[in-house]
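Position 1 is the first residue of the sequence, and the numbers go up from there.
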Amino acid sequence: MSRPEHEHPYDPHLQRPTYLPPEPAPAQAAPPRPPRRRGRFAPLIALVILLPAWLGFLTWRAANQSYAQNSYTVGSVVPRGQPGEFAGATWRLTSIAPAPPPPAGSLTRRPPGGATLVRAYLEVTPHTAAAAKAIYGCSFAGRDDRDRFWDTENSTDTDDGVSDDCSAPGLGARYLPAGRAQKVAVTFLVPTDAARSVRPLVRPTDRAPYVLFE
């Protein structure tokens with residue numbers, strides 16, 4: 001039996017439907033991950049660790065820093081327990097001794113190992129208003145028995161009513177009252193081996209030589 005003309009010979013490929021799945025879309029690359037900042041806080045941590053040690057070193061160096069003797073020309077020496085008359089005022093060393101450690105919250109630097117705070121108390125009595133004005137710019141230094149010199153330390157731990165320079169205590173710059181004794185506290189940061197021998201130097205005016213109080 002013959003096939004109709006419009007029929008084609010049997011072809012198995014034409015008799016079964018072919019299904020081709022769609023090609024998968026190309027995988028999109030994942031966005032790059034930000035680099036880990038493992039060392040981001042390393043400099044800050046190092047700073048926190050090293051800063052106290054560095055400040056301690058600076059304080060230790062300041063305590064052990066001595067100055068040439070010619071930087072502090074000593075014009076006269078006042079024997080222990082005796083007053084001195086300079087620039088129209090009476091000056092007297094009343095006490096000098098190692099100071100206690102500053103309390104918590106104090107602005108005074110705590111002494112590092114091998115250093116000691118020493119505080120000297122003086123009484124200053126200007127005889128006239130002109131003398132009070134003249135000594136307003138007084139300055140202090142410290143010297144030990146080995147001729148080592150130190151500048152004074154800023155201190156906030158003294159008693160009320162005590163000044164740390166030749167001005168009246170309290171807010172505002174005021175001259176000392178004439179005819180009245182004013183207590184002045186002077187603080188030094190020195191090596192511990194100098195704590196017992198350091199003595200205050202007083203420069204009554206910015207043009208006068210220093211006076212050593214024994």
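- Ring geometry for Tyr136 versus Tyr175: interplanar angle over 60°, hence perpendicular rather than tilted (30 to 60°).
- Legend: residues meeting side-chain contact (heavy atoms from CB on, under 4.5 Å) with Ala130, ordered by chain and number and at least two apart, are Thr128.
- Remark: Thr73 OG1 to Arg203 CZ distance equals 8.0 Å, nearest 0.5 Å.
- Residues satisfying the salt bridge (Lys or Arg N to Asp or Glu O under 4.0 Å) test with Asp144, not counting sequence neighbours, are Arg148.
- Nearest heavy atoms, Cys138 versus Pro204: CB-O, 3.4 Å.
- Taking every heavy atom of both residues into account, Ala195 and Val198 meet most closely at O-CG1, 3.9 Å.
- In this structure, Ile96 and Pro200 approach most closely via the heavy-atom pair CD1-CD, 3.8 Å.
- In this structure, the side-chain contact (heavy atoms from CB on, under 4.5 Å) partners of Pro177, at least two apart in sequence or on a different chain, are Arg180.
- Side chain of Thr152 to main chain of Val186: no donor-acceptor pair is present (N/O by atom type, distance under 3.5 Å, no hydrogens or angles).
- Using a 4.5 Å cut-off on side-chain heavy atoms (C-beta onward), Arg196 and Pro98 make contact.
- A pairwise comparison of heavy atoms in Ile135 and Ala89 identifies CD1-CB, 4.2 Å as the closest pair.
- The backbone N or O of Leu122 sits nowhere less than 3.5 Å from a side-chain atom of Trp91 that would complete a donor-acceptor pair.
- In this structure, CG in Leu176 is found 6.0 Å from SG in Cys166, a value given to the nearest 0.5 Å.
- At a threshold of 4.5 Å between non-hydrogen side-chain atoms, the residues Pro111 and Leu189 count as touching.
- Side-chain contact between Lys133 and Pro126 is absent, with no heavy atoms from C-beta onward closer than 4.5 Å.
- Going from atom CZ of Arg119 over to atom CG of Asp164 covers 10.0 Å, rounded to the nearest 0.5 Å.
- The backbone N or O of Ser167 lies less than 3.5 Å from no partner atom in the side chain of Arg174, so there is not a single donor-acceptor pair.
- Between the side chain of Arg199 and the backbone N or O of Phe213, no donor-acceptor pair lies under 3.5 Å.
- Here the straight-line distance linking atom OG1 of Thr90 with atom CZ of Arg92 works out to 8.0 Å at 0.5 Å rounding.
- Within the model, atoms CG of Asp151 and OG1 of Thr187 stand 13.0 Å from one another, a figure rounded to the nearest 0.5 Å.
- Across every non-hydrogen atom of Pro191 and Trp150, the tightest pair is CD-CZ2, 3.4 Å.
- Proximity of Phe86 to Val78: side-chain heavy atoms (C-beta onward) are separated by under 4.5 Å at one or more points.
- Two residues are said to be in side-chain contact when any heavy atoms from C-beta on lie closer than 4.5 Å; Val74 and Leu201 meet this criterion.
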